[in-house]
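Each remark here refers to the structure printed beneath this line.
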Amino acid sequence: GRSVMGVDGFDFDIIVAMGAGAYVCGEETALIESLEGFRGEPRNRPPFPAVAGLLNNPTVVNNVETLASVAAIFAKGVDWFKAFGTDKSTGYKLFSISGDCEKPGAYEFPWGITIADLLKEVGGEGAKAVQIGGASGVCVPAKDFSRRLAFEDIPTGGSVMVIGPQRDMLDVAENFLDFFVEESCGQCTPCREGNEVLLEGLEMLEYGECSTSYLRELVKLGETMQVASKCGLGQSSPNAFLSIVENFRDELMGRTVAE
């Protein structure tokens with residue numbers, strides 16, 4: 001409203017807008033397209049949103065969590081905020097924990113927490129792997145659970161999926177790629193076609209029809225997608241596949257066929 005908290009001239013309104021909903025709208029320019037009433041698709045850049053964003057006006061795009069942290073910093077001070085976390089990753093982070101654990105849900109932890117400590121908090125000890133960063137993140141094996149969730153080690157938007165020892169990592173990789181085939185906006189060839197090819201290759205592996213050399217070709221394709229796709233969705237969609245192939249090579253290679 002007008003004159004917020006009695007301050008003359010400080011007028012501030014918040015409008016909550018409903019979008020059609022799509023994973024790609026996590027990309028800031030696709031989100032702006034959705035806000036304008038169009039199909040959620042990433043824009044070509046430049047211009048960047050800070051120059052020409054919503055309705056062609058300079059626009060700053062932030063997560064709600066960031067704005068909430070700013071409010072806490074104003075209320076309690078910078079030193080209070082910096083008392084949490086690490087030297088390079090100050091403060092705290094919201095985590096959405098799901099999967100094979102006793103206590104899934106939303107948690108708030110300081111930056112720098114190890115994966116092992118996080119799993120203790122949610123009842124996920126004994127996990128085979130943890131997918132950090134959601135479907136577009138990386139799959140971390142149990143041998144690396146001493147690593148920290150921080151910008152200087154494993155950065156994340158907050159999604160953590162616990163993968164239990166009973167899970168087939170091929171099924172896990174297929175599940176993520178099936179998701180990206182569905183969620184790709186289809187604008188660029190690397191993402192539109194690449195995810196389809198990666199998924200088909202894993203299905204070949206499942207049916208015992210994928211050779212070792214072809215699996216290596218799929219890895220090269222995934223690496224190409226990371227640099228050639230138009231937006232963050234296509235650039236990150238091979239992440240789970242590539243990290244699963246790297247960290248669970250024996251589990252996957254044992255299902256390849258002779259050349």
Side-chain angles (χ1 to χ4, degrees), residues 22-27 30 40-42 98-100 115 127-145 147 153-157 159-259:
Y23 190 78
V24 73
C25 288
E27 198 278 337
E41 292 184 345
S98 61
D100 300 318
I115 297 174
K128 181 178 187 177
V130 174
Q131 179 75 11
I132 303 293
S136 59
V138 295
C139 194
V140 181
K143 66 180 179 64
D144 292 332
F145 283 177
R147 294 184 65 181
D153 193 355
I154 305 179
T156 175
S159 172
V160 177
M161 303 177 187
V162 184
I163 301 170
Q166 77 281 11
R167 300 292 179 183
D168 183 336
M169 298 309 295
L170 177 57
D171 289 342
V172 172
E174 282 189 78
N175 182 60
F176 287 135
L177 281 170
D178 186 63
F179 171 78
F180 281 116
V181 167
E182 181 70 24
E183 291 294 332
S184 172
C185 75
Q187 275 196 86
C188 72
T189 303
C191 178
R192 183 184 65 247
E193 303 296 334
N195 284 307
E196 290 270 10
V197 172
L198 291 180
L199 180 59
E200 290 171 0
L202 290 184
E203 290 172 346
M204 291 171 59
L205 192 62
E206 181 181 7
Y207 298 132
E209 300 171 354
C210 179
S211 66
T212 302
S213 61
Y214 188 60
L215 185 58
R216 286 196 294 265
E217 291 297 319
L218 292 176
V219 169
K220 292 180 182 177
L221 170 61
E223 292 169 346
T224 299
M225 292 169 61
Q226 289 179 317
V227 296
S229 295
K230 179 176 181 178
C231 82
L233 186 147
Q235 293 163 9
S236 61
S237 61
N239 287 352
F241 163 74
L242 292 173
S243 56
I244 287 173
V245 172
E246 178 182 357
N247 295 311
F248 297 92
R249 181 172 296 273
D250 292 342
E251 188 170 331
L252 269 61
M253 287 297 185
R255 299 160 92 153
T256 57
V257 294
E259 300 292 340

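For this chain, numbers begin at 1 and follow the sequence in order.
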Does any part of the side chain of I115, heavy atoms only, come nearer than 4.5 Å to the side chain of I154, both counted from C-beta? yes
### Task
For the residue pair S98 and V160, establish whether any side-chain heavy-atom pair is separated by less than 4.5 Å.
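A side-chain contact is absent here, since even the closest heavy-atom pair is not under 4.5 Å.
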Report the distance from atom [atom1] of [X] to atom [atom2] of [Y], rounding to the nearest 0.5 Å.
{"X": "F176", "Y": "C139", "atom1": "CZ", "atom2": "SG", "result": "7.0 Å"}
{"X": "S136", "Y": "F180", "atom1": "OG", "atom2": "CZ", "result": "5.0 Å"}
{"X": "L170", "Y": "I244", "atom1": "CG", "atom2": "CD1", "result": "8.5 Å"}
{"X": "N175", "Y": "Q131", "atom1": "CG", "atom2": "CD", "result": "10.0 Å"}
{"X": "L242", "Y": "S236", "atom1": "CG", "atom2": "OG", "result": "11.0 Å"}
{"X": "S237", "Y": "Y23", "atom1": "OG", "atom2": "OH", "result": "9.5 Å"}

Carboxylate-amine/guanidinium contact D168 R255, below 4.0 Å:
yes
- Between S243 (side chain) and A240 (backbone), is there a donor-acceptor pair under 3.5 Å?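 A pair under 3.5 Å: yes.
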ask   = Are any side-chain N or O atoms of Q226 and backbone N or O atoms of N239, one a donor and one an acceptor, separated by less than 3.5 Å?
value =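 Checked: no pair found.
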* Will you find, in the side chains of N195 and E183, an N or O donor that is under 3.5 Å from an N or O acceptor? ->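 No, E183 and N195 have no side-chain donor paired with an acceptor closer than 3.5 Å.
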Quick one: list whatever passes side chain to side chain contact (heavy atoms under 4.5 Å, CB included) with [X], sequence neighbours left out.
{"X": "T212", "result": "R216, M253, T256, E259"}
{"X": "Q235", "result": "S229"}
{"X": "L221", "result": "V197, L198, M225"}

Heavy-atom count check: over 12 atoms from other residues, nucleotides or ligands less than 6.0 Å from E182 CD?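 No, CD of E182 has 12 or fewer neighbouring heavy atoms, counting only those of other groups under 6.0 Å.
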Return the minimal non-hydrogen interatomic distance between [X] and [Y], and the atom names on each side.
{"X": "M204", "Y": "Y214", "answer": "SD-CE2, 3.9 Å"}
{"X": "L202", "Y": "F241", "answer": "CD2-CE1, 3.8 Å"}
{"X": "P42", "Y": "C185", "answer": "CD-SG, 3.8 Å"}
{"X": "K128", "Y": "G164", "answer": "CB-O, 3.5 Å"}
{"X": "P155", "Y": "D153", "answer": "CD-O, 3.5 Å"}
{"X": "E41", "Y": "Q187", "answer": "CB-NE2, 3.2 Å"}

- Item | Candidate pair M169 and I163, rule side-chain contact (heavy atoms from CB on, under 4.5 Å), full reasoning | CA-CA 9 Å; M169 298 309 295; I163 301 170; 4.0 Å; yes
